[in-house]
K.L.:
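One structure, as structure tokens, below. Some questions next.
Below, chain A is the first sequence line, B the second, and so on; all start at residue 1.
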Amino acid sequence: MWANLTINEESSPIILKLVIRFIYFALFFKSYLMTENLVIVESPAKAKTIEKFLGKDYTVVSSFGHIRDLSKNKLGIEIEKGFKPVYEIPADKQKVVSELKKLAAGAKNVWIASDEDREGEAIAWHLIAVLGLDASTTKRIVFHEITKEAIAKAIETPRAVNMDLVNAQQARRLLDRIVGFEISPVLWKKVQPALSAGRVQSVAVRLIVDREREIIGFAPESAFRVTGLFNGLNNKSEEVILKAECTKKFSNENEALKLLERCAKASFAIENISVKPGTRSPAPPFTTSTLQQEAYRKLGFSVAQTMSVAQKLYEAGRITYMRTDSTNLSSLALNTAREVITADYGTEYSKTRQFKTHAKGAQEAHEAIRPTYFDKKSITGNNNEKKLYELIWKRAIASQMAEAKTEKTTITIGMNPAAEVFTAVGEVIRFDGFLRVYSESYDNVAEDDEKTLLPAVAKGMSLDAVNITATQRYTTPPPRYTEASLVKKLEELGIGRPSTYAPIISTIQARGYVAREDRPGEKRILMVLTLTGSKITKSEKTEVAGKEKAKLFPKDIGIIVNDFLTANFPDILDYNFTAGVEKEFDEIAGGDLEWGKMLSDFYSPFHKSVDESLARKERMTGNRELGNDPATGLPVFVKMSKYGPVVQLGEASPGNKPRFANLRRDQLLETITLEEALVLFSLPRSLGDYQGSEMIVSSGKFGPYVRHNSKFFSLKRGVDDPYSITAERAIELIVEKLEGEKKKVINDFGEIQVLNGRYGPYITMDKNNFRIPKGTDPATLTKEECLKIIEKGGQKKKSAKPAKKK
DNA sequence: CAGTGAGCGAGCTTCCGCTTGACTT
């Protein structure tokens, strides 16, 4: 859009200024006078592309998504007037709207080309209303792919706005507003201020809380897994080595020992060899959700990071739209993919196919995510952009390639006298097909599950056991969600949309309901029995269990809110609630249900439970009594205080303030024990003297610290623990920080200092920092030179601090 | 830069889905 041209007039010479003004003027007139046809789409990048296809008679502009919404701070629904919505133009949309109004007034025809889904139809309807267009002459057009043919076809077949679809959107919007704006205030009263609830976020939190409880309740069981290493001579007299696993697992050490004893006296031979051909098919091209999952697994991107990199690629014209639930590819894409595959890999590698979209509630307004031009294997850009682009390219290309042909071989080794059998499974790829380009990653793949090529052996061949090992294995609880696996689960449940997956993840963290955390895990001892020759030895092995990296953990406030909501609003917290209302939205869209009726049927029972939950007196604090402190005999409680989860020693009474201590990050009100709680009262504690002053370790506003000589030294997160830190380690921290501070000072002129900072050397005076010009050696700067730099830098606007949220 | 933790009451918080820039260090 011309208004988005950013040329800095101030810094240009006068002649250039005039030229720039002329260009603005010309563009202004082009839009006003010469526009036969004004086409409005949702995204500015899309507008740019389409304008190229449509030629000079068309001006294509963007609405930047929705232009009107329910009022920001009030409910915005007149419930007693049959759920009449009160729409407003948000402050940040005023400018777009007034520009669109001007353009529309000067155009002969207005074409509205918002997406062909519920939201897009509503955008079209709002545009007609807000821009004051004539609904009977405004042309509503749609296309699912941005190709010349699709756009030309759309222009030939305009239609009117589909009011049923608009009403389905209004029902969705109002339902979400009612749920969010009626339940959230209940939480402010019953739990804590500034909390929130909603159809989507509350279920997302529930998934994480429910999963955590499964993990808490999980009792690991152990079994013994027996593997053998065999050797023998094949019919070419070559020595072969074969690793095989016993098909049976043994529930205890004694049973495993019994098998090993039998193995010691047994002989082994190959009982059977089975070879089965198989195929593997490529995954569909990316949707938003699968892109987020794979970018997380293969590139380690967070969900938000994936979206911001993808946005860059989209704006640069490298990929198609990145917020989509469709696996569809345009016929143009199918053809160019085929050409690239045939040219690069040969005809036998090409297999053109279209994938069906399985996602629940998919609206398929766009194509799948794919490269705009398949012949571009890589692009210029920063590293992340390159990596994500290549991932998208490979996935889309692979989706149009032939299946891989595999051969799975299973060798069965029998014992004589017969007891158990061992099997070795190997897989070879006979034709790589799409695997030549791309193989999909999966969550939670067992590390020793890899299948390899097996040696050439024949049925009946006798084998010797080099060794046979029985290793204790523990069952593992269901995995905690990562950002990406949560998105996958939400999509399966039909909850949330491609444009909201990333915001959902950030909302539930911003509210403090869940947090992305690591856990070091705990060492666990495994029993190992080994048979070598005829001797059985017993040994131990350790493994780390429960180690977590960047997983979503529920926090106490999330658990309390979740329990309150599931108790008071079970229907809305039901995993199938969205699926149910989506069905009704579909009925509204099909003209089979009146949207006002749907809302009123929902509202009466819902509003009743809002009133009932408010009427109950008690507040939710997660209060739990753990027992009595053996030292003082006082009762020990845990609960959610105004500032977070605490343990409390003794009851509060007039004149007696009980002791409080914060829970640690990795503790929950629900699971903390009396012993663990009592440890929390051991802070602040003395670590003895260092250089004649006492070291006191405690935990403050910014986490645990050591205080020495009235200076503070933070403990290292994930390394040090205030309850167990030793004096030696504390001294290390003190020395390290003091030395670092020494290095930080390059030159000290009193009120002016030259310092080494995170972003390199800088000058500081009166708490204001100034950048040192490139090419200047900071060590040689004199006080006068520093003053000059400060004077120059002082002219720049003092940067306003970002608004602080408390 | 290194606590708070009760209760009262003013005034504030909040939803989901479409879209991009703002904004720093």
K.L.:
Just compare B/dT14, B/dC18, B/dC15 and give me whichever is closest to any side-chain atom of A/Pro185.
P.N.:
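Looking only at side-chain atoms, A/Pro185 lies closest to B/dT14.
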K.L.:
Should A/Ser196 be listed as having a side-chain N or O under 4.0 Å from OP1 or OP2 of B/dC15?
P.N.:
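True: A/Ser196 side-chain N/O within range (under 4.0 Å) of B/dC15 OP1/OP2.
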K.L.:
If we ignore hydrogens and angles and just use 3.5 Å, is the side chain of A/Arg68 paired with the main-chain N or O of A/Leu127 as donor and acceptor?
P.N.:
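Checked: no pair found.
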K.L.:
Applying a 4.0 Å non-hydrogen cut-off, can you work out what A/Glu182 is touching in the nucleic acid: base, sugar-phosphate, or nothing?
P.N.:
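Answer is nothing: A/Glu182 stays at 4.0 Å or more from every strand.
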K.L.:
Categorize A/Asp92 for me: base, sugar-phosphate, or nothing, with a 4.0 angstrom heavy-atom threshold over every strand shown.
P.N.:
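Here A/Asp92 touches no strand at all.
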K.L.:
Touch check for A/Tyr321, heavy atoms < 4.0 angstrom, all strands: base, sugar-phosphate only, or nothing?
P.N.:
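Result for A/Tyr321 = sugar-phosphate.
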K.L.:
Please report, rounded to the nearest Å, how far the P atom of B/dG11 is from the NZ atom of A/Lys189.
P.N.:
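So the two atoms are 15 Å apart, to the nearest Å.
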K.L.:
Starting at atom NZ of A/Lys74, determine the distance to atom P of B/dC15, rounded to an integer number of angstrom.
P.N.:
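The answer, rounded to whole Å, is 19 Å.
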K.L.:
From CG of A/Leu565 over to C1' of B/dT14, roughly how many Å is that when rounded to an integer?
P.N.:
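One finds 13 Å between C1' of B/dT14 and CG of A/Leu565, rounded.
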K.L.:
Looking at side-chain heavy atoms only, is the closest gap between A/Leu668 and A/Asp556 below 4.5 Å?
P.N.:
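A/Leu668 vs A/Asp556: side chains touch.
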K.L.:
Can you check the A/Leu75 CG to B/dC12 P distance for me, whole Å?
P.N.:
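From A/Leu75 CG to B/dC12 P: 17 Å.
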K.L.:
Separation of A/Met322 atom CE from B/dG17 atom C1', in whole Å?
P.N.:
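Atom CE in A/Met322 sits about 14 Å away from atom C1' in B/dG17.
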K.L.:
Nearest heavy-atom pair of A/Trp111 and A/Ile141: which atoms, and what distance?
P.N.:
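Between these two residues, the closest heavy atoms are CE3-CG2, 3.7 Å.
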K.L.:
Contact class for A/Ser63 (heavy atom, under 4.0 Å): base, sugar-phosphate, or nothing?
P.N.:
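The answer is nothing, as A/Ser63 stays clear of every strand by at least 4.0 Å.
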K.L.:
Whole angstroms only, please: what is the CD1-P distance between A/Ile504 and B/dC18?
P.N.:
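So the CD1-P distance, A/Ile504 to B/dC18, works out to 11 Å.
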K.L.:
A/Arg624: which residues meet the salt bridge (charged side-chain N to carboxylate O under 4.0 Å, His left out) condition with it, sequence neighbours left out?
P.N.:
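Result, salt bridge (charged side-chain N to carboxylate O under 4.0 Å, His left out) vs A/Arg624: none returned.
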K.L.:
In this structure, how many angstroms lie between the P atom of B/dA2 and the CG atom of A/Asn662, rounded?
P.N.:
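Taking CG of A/Asn662 and P of B/dA2, I get 16 Å after rounding.
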K.L.:
So A/Gly65, base contact, sugar-phosphate only, or nothing? Heavy-atom distance under 4.0 Å.
P.N.:
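Result for A/Gly65 = base.
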K.L.:
With a 4.0 Å limit, can you tell me whether A/Arg199 has a side-chain N or O closer than that to the phosphate oxygens OP1/OP2 of B/dG17?
P.N.:
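It does, given that an N or O in the side chain of A/Arg199 lies less than 4.0 Å from OP1 or OP2 of B/dG17.
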K.L.:
Calculate the interatomic distance between A/Lys93 atom NZ and B/dA22 atom P; express it in whole Å.
P.N.:
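Answer to the nearest Å: 14 Å.
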K.L.:
Any side-chain N or O of A/Arg511 under 4.0 Å from OP1/OP2 of B/dC15?
P.N.:
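Checking B/dC15 against A/Arg511, a side-chain N or O does come within under 4.0 Å of OP1 or OP2.
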K.L.:
ring-ring contact (aromatic ring centres under 6.0 Å, His included) with A/Tyr705: which residues, sequence neighbours excluded?
P.N.:
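With neighbours one apart ignored, the set is A/Phe712.
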K.L.:
Quick one: which residue pairs count as a side-chain hydrogen bond (donor to acceptor under 3.5 Å, both in side chains) with a foot in residues 495-506 of chain A, not counting sequence neighbours?
P.N.:
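Counting only pairs at least two positions apart or across chains, the side-chain hydrogen bond (donor to acceptor under 3.5 Å, both in side chains) contacts touching residues 495-506 of chain A are A/Asp325-A/Arg497.
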K.L.:
Over all strands shown, is A/Leu195 touching base, sugar-phosphate only, or nothing at heavy-atom distances under 4.0 angstrom?
P.N.:
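Since only primed, P, OP1 and OP2 atoms lie under 4.0 Å of A/Leu195, the category is sugar-phosphate.
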K.L.:
Just to be sure I understand: a Watson-Crick pair is purine N1 to pyrimidine N3 plus N6-O4 or O6-N4, both under 3.5 Å. Using that and G-U wobbles, which stems of three or more pairs involve DNA chain B?
P.N.:
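Looking at DNA chain B, no stem of three or more consecutive pairs is formed.
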K.L.:
Closer than 4.0 Å, any side-chain N/O of A/Ser43 to the OP1 or OP2 of B/dT19?
P.N.:
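Answer no for this pair, as no side-chain N or O of A/Ser43 is under 4.0 Å from OP1 or OP2.
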K.L.:
Look at the side chain of A/Asp115 and decide which nucleotide, out of B/dA2, B/dT19, B/dT13, has an atom nearest to it.
P.N.:
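Of the candidates, B/dT19 comes closest.
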K.L.:
Identify which nucleotide among B/dA2, B/dC18, B/dT20 has an atom closest to any side-chain atom of A/Lys701, counting heavy atoms from C-beta outward.
P.N.:
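Looking only at side-chain atoms, A/Lys701 lies closest to B/dA2.
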K.L.:
Which nucleotide in the set B/dC18, B/dC16, B/dA2 lies at the smallest distance from any side-chain heavy atom of A/Gln201?
P.N.:
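Output: B/dC16.
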K.L.:
Compare side-chain N and O positions of A/Arg323 against OP1 and OP2 of B/dT20 and report whether any pair is under 4.0 Å apart.
P.N.:
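Answer is yes, contact under 4.0 Å.
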K.L.:
Short question: side chain of A/Lys642, backbone of A/Gln192 - any donor-acceptor pair under 3.5 Å?
P.N.:
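Checked: no pair found.
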K.L.:
Give, ordered by number, those residues of residues 167-179 of chain A having at least one heavy-atom distance below 4.0 Å to an atom of DNA chain B; if nothing qualifies, reply none.
P.N.:
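Correct list: A/Arg172, A/Arg173, A/Asp176, A/Arg177.
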K.L.:
Does B/dC16 have OP1 or OP2 sitting under 4.0 Å from an N or O in the side chain of A/Thr500?
P.N.:
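Answer no for this pair, as no side-chain N or O of A/Thr500 is under 4.0 Å from OP1 or OP2.
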K.L.:
Would you mind classifying the nucleic acid contact of A/Tyr314 as base, sugar-phosphate or nothing, using non-hydrogen atoms under 4.0 angstrom?
P.N.:
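Sugar-phosphate, backbone atoms only, no base.
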K.L.:
Ring-plane angle category for A/His708 and A/Phe713, please: parallel below 30°, perpendicular beyond 60°, tilted otherwise.
P.N.:
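It falls in the tilted class, 30° to 60°.
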K.L.:
For B/dT13, is there a stacking contact with A/Trp188, counting only centres under 5.5 Å and planes under 30°?
P.N.:
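Given the distance and angle limits, yes, they stack.
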K.L.:
Contact list please: residues 639-651 of chain A against DNA chain B, heavy atoms, distance less than 4.0 Å, in numerical order.
P.N.:
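By residue number: A/Ser641, A/Tyr643, A/Val646.
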K.L.:
Using heavy-atom distances to pick each residue's nearest nucleotide on DNA chain B, tell me which of A/Gly496 and A/Asn73 is more 5'.
P.N.:
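Nearer the 5' end of the strand: A/Asn73.
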K.L.:
Contact between A/Val205 and A/Val561 at the side-chain level, heavy atoms closer than 4.5 Å - yes or no?
P.N.:
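In short, these two side chains do not touch, never coming nearer than 4.5 Å.
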K.L.:
Considering every strand and a 4.0 Å limit on heavy-atom distances, what is the contact class for A/Pro658: base, sugar-phosphate, or nothing?
P.N.:
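A/Pro658: no heavy atom of the nucleic acid under 4.0 Å.
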K.L.:
Check whether any side-chain heavy atom of A/Leu388 lies under 4.5 Å from a side-chain heavy atom of A/Leu291, and answer yes or no.
P.N.:
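Of all side-chain heavy-atom pairs linking A/Leu291 with A/Leu388, at least one is under 4.5 Å.
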K.L.:
Is the A/Phe602 ring parallel, tilted or perpendicular to the A/Phe606 ring (thresholds 30°, 60°)?
P.N.:
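The rings of A/Phe602 and A/Phe606 lie parallel, inter-plane angle below 30°.
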K.L.:
Give one of base, sugar-phosphate or nothing for A/Ala122, where a contact means two heavy atoms less than 4.0 Å apart.
P.N.:
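Contact class for A/Ala122: none.
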K.L.:
Looking just at side-chain N and O atoms, do A/Glu116 and A/His144 make a donor-acceptor pair shorter than 3.5 Å?
P.N.:
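Side-chain D/A pair, A/Glu116 to A/His144: present.
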K.L.:
Can you check whether A/Phe702 stacks with the B/dA2 base, using ring centres under 5.5 Å and planes within 30°?
P.N.:
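Here the ring of A/Phe702 and the base of B/dA2 are not stacked, as the 5.5 Å and 30° limits are not both satisfied.
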K.L.:
Would A/Thr288 and A/Met307 satisfy side-chain contact (heavy atoms from CB on, under 4.5 Å), going step by step from the backbone distance to the final call?
P.N.:
CA-CA 8 Å; A/Thr288 304; A/Met307 292 316 282; 3.8 Å; yes
K.L.:
Heavy-atom count around A/Lys312 NZ within 6.0 Å, excluding the residue itself: above 12?
P.N.:
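Counting neighbours around NZ of A/Lys312, 12 or fewer heavy atoms of other residues, nucleotides or ligands fall under 6.0 Å, so no.
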K.L.:
Determine, answering yes or no, if A/Phe181 is stacked on B/dT14 under the 5.5 Å centre rule and the 30° plane rule.
P.N.:
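Yes; centroid distance and tilt both under limits.
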K.L.:
Would you please confirm or rule out a distance under 4.0 Å between OP1 or OP2 of B/dA2 and any side-chain N or O of A/Arg707?
P.N.:
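For A/Arg707, the contact criterion (side-chain N or O under 4.0 Å from OP1 or OP2 of B/dA2) is not met.
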K.L.:
Looking at A/Asp115 and A/Arg323, is there a salt bridge between them, counting it only when a charged N and a carboxylate O are closer than 4.0 Å?
P.N.:
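A/Asp115 and A/Arg323: not salt-bridged.
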K.L.:
Donor-acceptor pair under 3.5 Å: do we get one between A/Ser714's side chain and the base of B/dA2?
P.N.:
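Indeed, a donor on one side and an acceptor on the other fall under 3.5 Å apart.
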K.L.:
Please confirm whether the shortest side-chain N or O distance from A/Ser62 to OP1 or OP2 of B/dT20 is below 4.0 Å.
P.N.:
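No, outside the criterion.
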